[in-house]
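Please read the structure below before turning to the comments.
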Amino acid sequence: MMITERALPSFEDAARAVATEMALALRSAVAARGRASLAVSGGRTAAAVLPVLAREDVPWARIATTLTDERWVPPDHPESNENLARRYLTETALTGLSNAAPTPEAGHPETERRLARFPFPLDVVFLGMGEDGHIASIFPGRPEVWAGGLCVPSRAPVPPHPRISLTLPALLAGRHAVLMVNGPVKRAVYEDAKATPPEERDPFPLRLLLHQKRMPVTVCLA
């Protein structure tokens with residue numbers, strides 16, 4: 001496993017550590033290749049990390065940013081990950097995942113075309129995780145776990161909003177992932193996934209992330 005763990009005393013400390021790790025990786029990518037690409041998650045974790053990241057010394061004009069996943073809502077919707085990212089990462093070129101189609105299934109071809117113009121592989125992938133072991137909007141045991149391409153329509157176990165997500169191949173082809181794990185329930189899920197090798201056609205996204213052998217993963221634990 002290509003995992004580096006950092007144990008932090010609080011959620012806020014872990015959020016700062018995540019932002020620091022991401023900024024370091026972005027600066028290194030720009031120094032090596034003249035530009036960098038970043039995918040950010042949403043939710044409570046991102047709401048704590050992104051304001052800190054925005055204050056880091058990062059050459060944002062050279063960073064192309066997209067989202068790990070998105071609810072299928074307009075970009076100005078309160079629950080939109082794009083809305084959250086644009087609020088803080090104001091100096092980067094951001095590629096959203098949702099579009100005007102009525103469903104992610106209908107909008108998937110357009111989002112796939114949009115992402116085909118984005119500079120993959122991702123230099124930095126910022127991930128949270130769910131208590132069920134999902135990452136991005138790839139949920140355990142669902143067909144999206146095995147999807148190819150760059151993005152895939154997704155249905156969360158809890159309604160109301162359908163979603164679209166970068167696929168596991170797109171995420172796991174990145175150069176560096178930073179994962180934040182907060183609280184005892186998620187910590188137990190993380191430790192179990194770390195200790196259990198994946199099976200063939202494994203349905204558990206977190207386990208597939210932790211046991212892949214290509215991309216370094218920094219895990220900040222709170």
Side-chain angles (χ1 to χ4, degrees), residues 1-3 18 21-22 25-26 29 32-33 35-43 45-46 49 63-72 75 80-82 84-85 89 92-99 101 104-130 133-156 162-180 193 198 201-219:
M1 290 185 291
M2 304 179 69
I3 299 173
V18 167
E21 291 286 342
M22 293 167 64
L26 288 169
R33 290 176 289 281
R35 65 176 189 173
S37 57
L38 166 69
V40 299
S41 61
T45 299
V49 170
I63 312 295
T65 303
T66 190
L67 307 163
T68 61
D69 62 314
E70 179 64 283
R71 296 170 182 84
W72 201 257
S80 164
N81 292 345
E82 181 177 347
L84 178 66
L89 305 182
T92 184
L94 193 144
T95 297
L97 300 184
S98 66
N99 56 55
E105 289 79 11
H108 172 250
E110 170 56 32
T111 302
E112 189 80 21
R113 286 191 292 269
R114 186 184 299 175
L115 288 172
R117 300 188 292 270
F118 189 83
F120 287 91
L122 296 162
D123 288 293
V124 181
V125 182
F126 165 40
L127 294 167
M129 58 164 282
H134 80 264
I135 57 174
S137 283
I138 306 296
F139 294 91
R142 291 188 54 84
E144 300 90 75
V145 175
W146 301 286
L150 295 173
C151 65
V152 61
S154 173
R155 299 281 166 166
R163 305 184 184 195
I164 193 161
S165 178
L166 296 187
T167 61
L168 278 177
L171 293 167
L172 300 186
R175 294 188 172 100
H176 190 153
V178 184
L179 172 68
M180 183 163 163
R201 200 169 167 79
D202 195 288
F204 204 66
L206 180 63
R207 191 157 51 230
L208 294 170
L209 169 70
L210 298 178
H211 289 269
Q212 52 79 35
K213 295 179 172 62
R214 184 187 180 284
M215 176 177 62
V217 181
T218 300
V219 182

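The two residues Leu208 and Pro198 come nearest to each other via the heavy atoms CD2-CB, 4.1 Å. Considering all non-hydrogen atoms of both residues, Ala193 and Arg207 come closest at O-CG, 3.7 Å. Shortest non-hydrogen contact noted between Ala170 and Gly149 is CB-O, 4.4 Å. Closest approach of Ala46 and Leu84 over heavy atoms only: CB-CD2, 3.7 Å. Of all non-hydrogen atoms in Leu94 and Ala85, the two that sit nearest each other are CD1-CB, 3.4 Å. The two residues Ser165 and Ala136 make their nearest non-hydrogen contact at OG-CB, 3.4 Å.
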**OP:** Test side-chain contact (heavy atoms from CB on, under 4.5 Å) on Leu166 and Leu115 and set out the steps.
**Re:** CA-CA 9 Å; Leu166 296 187; Leu115 288 172; 3.7 Å; yes
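Applying the ring-ring contact (aromatic ring centres under 6.0 Å, His included) criterion to Phe139, with sequence neighbours excluded, gives His134.
Distance check, rounded to the nearest 0.5 Å: CG of Asp69 to OG of Ser98 gives 11.5 Å. Here CG of Leu172 is found 10.5 Å from CG of Leu122. Values are rounded to the nearest 0.5 Å. Here the straight-line distance linking atom NE2 of His108 with atom CD of Glu110 works out to 11.5 Å at 0.5 Å rounding.
Distance alone, capped at 3.5 Å, is enough to place a donor-acceptor pair between the Trp72 side chain and the Ala101 backbone. Using a distance-only test at 3.5 Å, with no hydrogens or angles considered, no donor-acceptor pair links the side chain of Glu70 to the main chain of Ile164.
No option in Arg163, Arg71, Glu144 other than Arg163 meets the side-chain hydrogen bond (donor to acceptor under 3.5 Å, both in side chains) test with Ser137. Considering Leu206, Thr68, Thr167, Val152 as possible partners of Ile138, the one that fulfils the side-chain contact (heavy atoms from CB on, under 4.5 Å) test is Val152. For the side-chain contact (heavy atoms from CB on, under 4.5 Å) with Arg114, the qualifying choice from Thr66, Asn99, Leu97 is Asn99, the only one to do so.
At a threshold of 4.5 Å between non-hydrogen side-chain atoms, the residues Met22 and Val49 count as touching. Side-chain contact check for Leu209 versus Met215: some heavy-atom pair is nearer than 4.5 Å. Side-chain contact between Ile63 and Val124: absent, with no pair of heavy atoms (C-beta onward) separated by less than 4.5 Å. For the pair Asp123/Arg33, a side-chain contact is recorded, criterion being any heavy-atom separation below 4.5 Å from C-beta on. Under the 4.5 Å side-chain criterion, counting only non-hydrogen atoms from C-beta, Ile135 is in contact with Leu168.
Enclosure of atom CZ in Arg155 by more than 12 non-hydrogen atoms of other residues, nucleotides or ligands within 6.0 angstrom is indicated.
Thr65 and Thr92 share a side-chain donor-acceptor pair at under 3.5 Å.
Residue pairs meeting the side chain to side chain donor-acceptor pair (under 3.5 Å) criterion with at least one member in residues 208-218, sequence neighbours excluded: His176-Thr218.
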